[in-house]
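No experiment lies behind these values; they were computed from the predicted model shown.
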Amino acid sequence: MSRNRRIALALVVAGTPILVSAHHGVASLGAAGLEGPGAPVVTSSAAPLPKGSGLLYLKADYASYETRTAARDAESDYDIFSMAGVGYGFRSWFSAYAFLPYYVKSVESSADAPGEGSTHQQGFADIAFTGVLAFKYDDDFMLVPERESLDDLEDWHFSLYAGFSIPTGEANVRDAAGAIDAGQATGFGAPSFNVGFTSTKQITDRDTWVGEVSYLRFTENEYDDGSTVRFGSELRLNTSWVRKLMTSAEARHRLDGVIEANYLHLGRDREDGSGAPGTGGQILYLTPGARLYKDRFSLALGVMFPVWKDLNEEATQQGAEGLENYRLVATFSYLF
């Protein structure tokens with residue numbers, strides 16, 4: 001499959017009932033609306049879902065990896081991480097989400113897999129659930145009320161969220177030699193847990209700042225061959241600036257420009273109780289993008305570039321975070 005066709009596939013996925021997530025199924029949270037603060041592409045916003053409202057959320061992440069050798073020798077070529085999500089505002093200050101990921105993991109063809117390219121694994125991944133508590137500061141901290149004026153939306157807004165996944169994806173994927181290959185699996189085989197905190201501040205009528213910190217931890221899984229793997233924990237620090245570029249109340253549309261800095265600290269995987277070589281490190285991405293609103297619809301597009309990295313064993317981590325050429329991220333949401 002050509003690179004242009006793979007990019008087109010990622011964009012088509014973003015517009016269908018399959019939502020793409022980041023490498024380990026992490027989705028952006030928060031509402032995006034015509035009025036009030038802007039929403040980033042990758043970073044979660046503190047804007048809650050209105051009470052009694054639902055959200056359909058789609059996100060596509062196409063990762064193109066660097067290749068280290070000229071020969072096609074089974075290096076990772078590209079991945080498409082996808083996820084369909086739905087959210088509901090039970091209260092003006094509490095929302096809940098459910099996400100169903102779908103992964104496509106591909107490597108270059110080699111002597112064992114001839115052709116232009118060969119996809120080794122694809123399928124649904126682990127279902128995830130998240131609850132979000134939204135609050136704000138206006139002379140004092142309080143839960144977000146049911147109704148806020150445009151002036152109220154300029155207050156500091158925050159959210160605390162926590163979630164978990166259940167092992168519904170396929171974990172026991174085997175390579176061409178018949179050995180378990182956890183890196184190519186669509187599921188982790190065991191639950192994972194995440195917590196996070198977000199803050200949003202509309203600085204001016206055009207400018208919004210958003211920040212997020214989150215932590216994701218995996219539990220150990222025992223595979224069919226008796227081996228065990230605990231994937232490394234993930235610490236994310238995101239910050240973003242959103243600027244309103246164009247708006248029309250009559251046409252009910254809005255266009256925002258976005259710039260984000262996304263830091264990821266990956267812990268080392270553990271295999272059979274010992275640290276796994278060729279895993280873990282730190283990466284900083286710079287993500288320019290844009291978000292277009294129309295009525296209750298929102299479409300966002302961003303490109304993540306790894307501008308700095310400090311990987312534990314970079315020479316053996318081809319196909320991992322930090323060694324992408326770029327990541328193309330597209331999201332679609334509909335508030336109803």
Side-chain angles (χ1 to χ4, degrees), residues 13 18-27 59 61 63 65 74 76-85 97-107 113 118-131 161-196 214-236 264-281 311-313 316-323:
V13 169
I18 292 178
L19 172 102
V20 176
S21 76
H23 175 63
H24 285 152
V26 178
K59 182 180 179 183
D61 181 351
Y65 297 111
S76 293
D77 191 4
Y78 71 92
D79 290 332
I80 301 176
F81 301 105
S82 60
M83 183 188 298
Y97 298 83
F99 301 101
L100 176 61
Y102 187 91
Y103 293 167
V104 177
K105 296 186 174 183
S106 179
V107 298
S118 63
T119 296
H120 279 197
Q121 185 65 20
Q122 62 185 41
F124 289 102
D126 297 345
I127 296 175
F129 303 91
T130 302
Y161 63 85
F164 63 94
S165 70
I166 56 178
T168 56
E170 178 55 55
N172 292 285
V173 171
R174 296 181 181 270
D175 60 20
I180 293 287
D181 187 351
Q184 285 295 309
T186 58
F188 295 102
S192 65
F193 303 90
N194 71 295
V195 295
S214 67
Y215 179 76
L216 174 63
R217 181 173 176 81
F218 297 90
T219 53
E220 186 176 76
N221 178 55
E222 181 175 347
Y223 292 84
D224 288 349
D225 62 358
S227 64
T228 62
V229 174
R230 179 198 292 271
F231 290 94
S233 59
E234 302 180 6
L235 173 66
R236 286 178 165 82
L264 172 61
H265 182 280
L266 289 170
R268 187 182 291 279
D269 297 345
R270 296 189 64 80
E271 298 177 348
D272 297 322
S274 301
T279 63
L311 303 179
N312 289 335
E313 292 90 25
T316 59
Q317 289 180 250
Q318 193 279 335
E321 290 94 339
L323 294 175

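- Residues G85 and F99 come closest through the heavy atom pair CA-CD2, 3.6 Å.
- Not counting sequence neighbours, T130 has no partner by the side chain to side chain donor-acceptor pair (under 3.5 Å) test.
- Between D79 atom CG and D61 atom CG the span is 9.0 Å, to the nearest 0.5 Å.
- To the nearest 0.5 Å, the span separating OH on Y65 from CD on Q317 amounts to 12.0 Å.
- Here E271 contributes atom CD and E220 contributes atom CD; the two are 11.0 Å apart, rounded to the nearest 0.5 Å.
- Heavy-atom minimum distance, A185 versus V173: CA-CG2, 3.7 Å.
- Atoms CG and CD, from L266 and E321 in turn, are 5.0 Å apart once rounded to the nearest 0.5 Å.
- Although no hydrogens or angles enter the test, the distance criterion places a donor-acceptor pair under 3.5 Å between the side chain of R268 and the main chain of A276.
- Shown here for G189 and P167, the closest heavy-atom pair between the two residues is C-CB, 3.5 Å.
- D126 contributes no side-chain N or O that, together with a main-chain N or O of G187, makes up a donor-acceptor pair within less than 3.5 Å.
- In plain terms, the two heavy atoms of S165 and S192 that are nearest each other are OG-OG, 2.6 Å.
- Looking only at side-chain heavy atoms (C-beta outward), F231 and T279 stay at 4.5 Å or farther from each other.
- Atom OG of S214 and atom CG of L235 lie 7.0 Å apart (nearest 0.5 Å).
- Here the side chain of D224 pairs no donor or acceptor atom with the backbone of N172 at under 3.5 angstrom.
- In this view, T219 satisfies the side chain to side chain donor-acceptor pair (under 3.5 Å) rule with no residue, not counting sequence neighbours.
- Contact check for V229 versus N221: no side-chain heavy atoms found under the 4.5 Å cut-off.
- T168 has its side chain out of reach of F124: every pair of non-hydrogen atoms, C-beta onward, lies at least 4.5 Å apart.
- When each of F129, F218, F188, Y97 is tested with F164 by the rule ring pair (Phe, Tyr, Trp, His ring centres under 6.0 Å), just one qualifies, namely F129.
- Annotation: the span from Y223 atom OH to T228 atom OG1 amounts to 9.0 Å, rounded to 0.5 Å.
- Looking only at side-chain heavy atoms (C-beta outward), Y102 and Q122 come within less than 4.5 Å of each other.
- When side chains are defined from C-beta on, E313 does not count as touching L311, because their heavy atoms never get closer than 4.5 Å.
- Side-chain contact, Y161 with N194: no donor N or O sits under 3.5 Å from an acceptor N or O.
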